[in-house]
Chemist: 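The structure under discussion is supplied below as structure tokens; questions concerning it will follow.
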Amino acid sequence: MLPVINISTRAVILREGQLLAITLHYPDGIAHITPGGTQVHGEPLDACLRRECLEEIGTEVEIGRVLFVREYIGKNHMYRDEDGDFHNLEVMFACDVPDDYVPRLGSASDTYQIGVRWLAFDDFEAERLMPATLGQALKSGSQVPIYLGDVN
């Protein structure tokens, strides 16, 4: 059997200097990621992202352009013992939520998900936004490459 490369989508939702983030409680502490998840066979990327956002943040999203692409090759990062065979390709889209959206858990939260919140740009590092490269790219406001690399 050939090795599998997982494909997933992420919603980058910005509002007034904040990023909508999912709060996760991992065994090694709290972290934050953007909403999204794994594409299932036969599912277009946009349908995957809409489904994942409903499941995780409880709302429809309007999908815009691709902002970033990143890889996560587990054997190269801190969770290598758990993720050593995992290879993920992640496509991050600019998205919007309804103006009246209030952060809340969706109908099918992720295993470690404990909340949803707006995360201020200034708090990305202290609040452990993953991947850190995403926070750096968003805070820079300058032209950054679309491909972020193999980062955690």
Side-chain angles (χ1 to χ4, degrees), residues 3-15 18-98 100-121 123-139 146-152:
V4 174
I5 298 175
N6 188 64
I7 300 172
S8 63
T9 58
R10 294 274 164 212
V12 178
I13 303 166
L14 304 173
R15 183 180 287 169
Q18 298 180 324
L19 172 71
L20 188 65
I22 291 173
T23 303
L24 303 167
H25 188 268
Y26 288 129
D28 67 342
I30 301 295
H32 302 278
I33 61 172
T34 55
T38 302
Q39 182 183 35
V40 296
H41 183 76
E43 181 182 45
L45 286 175
D46 61 338
C48 171
L49 189 55
R50 285 186 181 91
R51 174 183 52 77
E52 287 286 344
C53 285
L54 277 172
E55 291 174 0
E56 295 176 353
I57 63 171
T59 192
E60 295 279 343
V61 293
E62 183 179 318
I63 301 174
R65 67 184 177 89
V66 171
L67 292 176
F68 305 108
V69 174
R70 87 149 174 156
E71 285 186 270
Y72 174 80
I73 302 172
K75 68 181 182 182
N76 299 334
H77 300 287
M78 65 187 280
Y79 298 115
R80 68 183 55 84
D81 291 341
E82 298 89 1
D83 294 346
D85 292 332
F86 188 64
H87 185 169
N88 190 53
L89 179 69
E90 199 168 70
V91 182
M92 300 180 196
F93 292 87
C95 293
D96 286 315
V97 292
D100 62 349
Y101 175 74
V102 175
R104 63 184 172 277
L105 291 174
S107 60
S109 304
D110 280 351
T111 303
Y112 295 109
Q113 184 178 350
I114 59 171
V116 179
R117 64 178 275 214
W118 291 105
L119 189 62
F121 277 30
D123 295 337
F124 286 170
E125 190 173 322
E127 296 283 347
R128 193 175 165 204
L129 175 65
M130 295 172 47
T133 310
L134 172 62
Q136 295 161 2
L138 292 172
K139 284 170 62 170
I146 289 177
Y147 178 64
L148 298 177
D150 173 22
V151 296
N152 183 25

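All values derive from a computational prediction rather than experimental measurement.
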Chemist: In Å and rounded to the nearest 0.5 Å, what is the CZ to CG distance from Phe93 to Leu45?
Modeler: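 Output value for this atom pair is 5.0 Å.
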Chemist: Provide the closest heavy-atom pair for Phe121 versus Lys139 in the form atom of the first, atom of the second, distance.
Modeler: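 Looks like O-CD, 3.3 Å.
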Chemist: From Phe68 CZ over to Glu90 CD, what is the distance, rounded to the nearest 0.5 angstrom?
Modeler: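 Going from CZ on Phe68 over to CD on Glu90, the span is 12.0 Å.
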Chemist: CG/Leu89 to CD1/Ile5 distance, rounded to the nearest 0.5 angstrom?
Modeler: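 The distance works out to 7.5 Å.
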Chemist: Where do Phe124 and Gly135 come nearest, in terms of heavy atoms and distance?
Modeler: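 Where Phe124 meets Gly135 most closely, the heavy atoms are CD1-CA, 3.3 Å.
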Chemist: Hey, could you give me the CD1/SG distance between Ile7 and Cys48, rounded to the nearest 0.5 Å?
Modeler: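 Going from the CD1 atom of Ile7 to the SG atom of Cys48 covers 9.5 Å.
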Chemist: Show the numbers, then the answer: is there a side-chain contact (heavy atoms from CB on, under 4.5 Å) between Val91 and Gln39?
Modeler: CA-CA 10 Å; Val91 182; Gln39 182 183 35; over 6 Å; no
Chemist: Against Pro131, only a single residue in Asn152, Thr34, Val151 fulfils side-chain contact (heavy atoms from CB on, under 4.5 Å); can you say which?
Modeler: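 Running side-chain contact (heavy atoms from CB on, under 4.5 Å) over Asn152, Thr34, Val151 with Pro131 returns exactly one hit, Val151.
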Chemist: Within the structure provided, determine whether Leu24 and Met130 are in side-chain contact (heavy-atom separation under 4.5 Å).
Modeler: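 The answer is no, as the side chains (C-beta and beyond) never meet within the 4.5 Å cut-off.
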Chemist: Output the distance between atom OG1 (Thr23) and atom CG (Leu105), rounded to the nearest 0.5 Å.
Modeler: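 Nearest 0.5 Å value for the OG1-CG distance: 9.0 Å.
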Chemist: Side-chain contact test, heavy atoms from C-beta onward, threshold under 4.5 Å: evaluate it for Arg70 versus Arg10 and give yes or no.
Modeler: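 Arg70 does not reach Arg10 side chain to side chain.
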Chemist: State the CZ-CD1 distance between Arg128 and Ile33, to the nearest 0.5 angstrom.
Modeler: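 So the CZ of Arg128 and the CD1 of Ile33 are separated by 11.0 Å.
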Chemist: Return a table of donor-acceptor pairs under 3.5 angstrom between the side chains of residues 54-65 and protein atoms on other chains or two or more places apart.
Modeler:
from, atom 1, to, atom 2, distance (Å)
Glu56, OE1, Gly36, N, 2.8

Chemist: Under a 4.0 Å threshold between the charged nitrogen and the carboxylate oxygen, would Arg117 count as salt-bridged to Glu127?
Modeler: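 Yes, charged N to carboxylate O under 4.0 Å.
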Chemist: What is the minimum heavy-atom distance between Trp118 and Leu14, and which atoms define it?
Modeler: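 For Trp118 and Leu14, the tightest heavy-atom pair comes out as CZ3-C, 4.3 Å.
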Chemist: Could you tell me which non-hydrogen atom of Tyr147 sits nearest to which non-hydrogen atom of Asp150, and how far apart they are?
Modeler: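 That would be OH-N, 4.0 Å.
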Chemist: Taking all non-hydrogen atoms of both residues into account, name the closest pair between Leu20 and Pro35 and its distance.
Modeler: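 Reported closest heavy-atom pair: O-CD, 3.6 Å.
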Chemist: Under a 3.5 Å distance rule, please check whether Arg104 uses its side chain to pair with a backbone N or O of Val102 as donor and acceptor.
Modeler: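 Yes.
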Chemist: Ignoring hydrogens, what is the shortest heavy-atom contact between Met92 and Leu148? Give both atom names and the distance.
Modeler: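 Shortest heavy-atom contact: CE-CD1, 4.3 Å.
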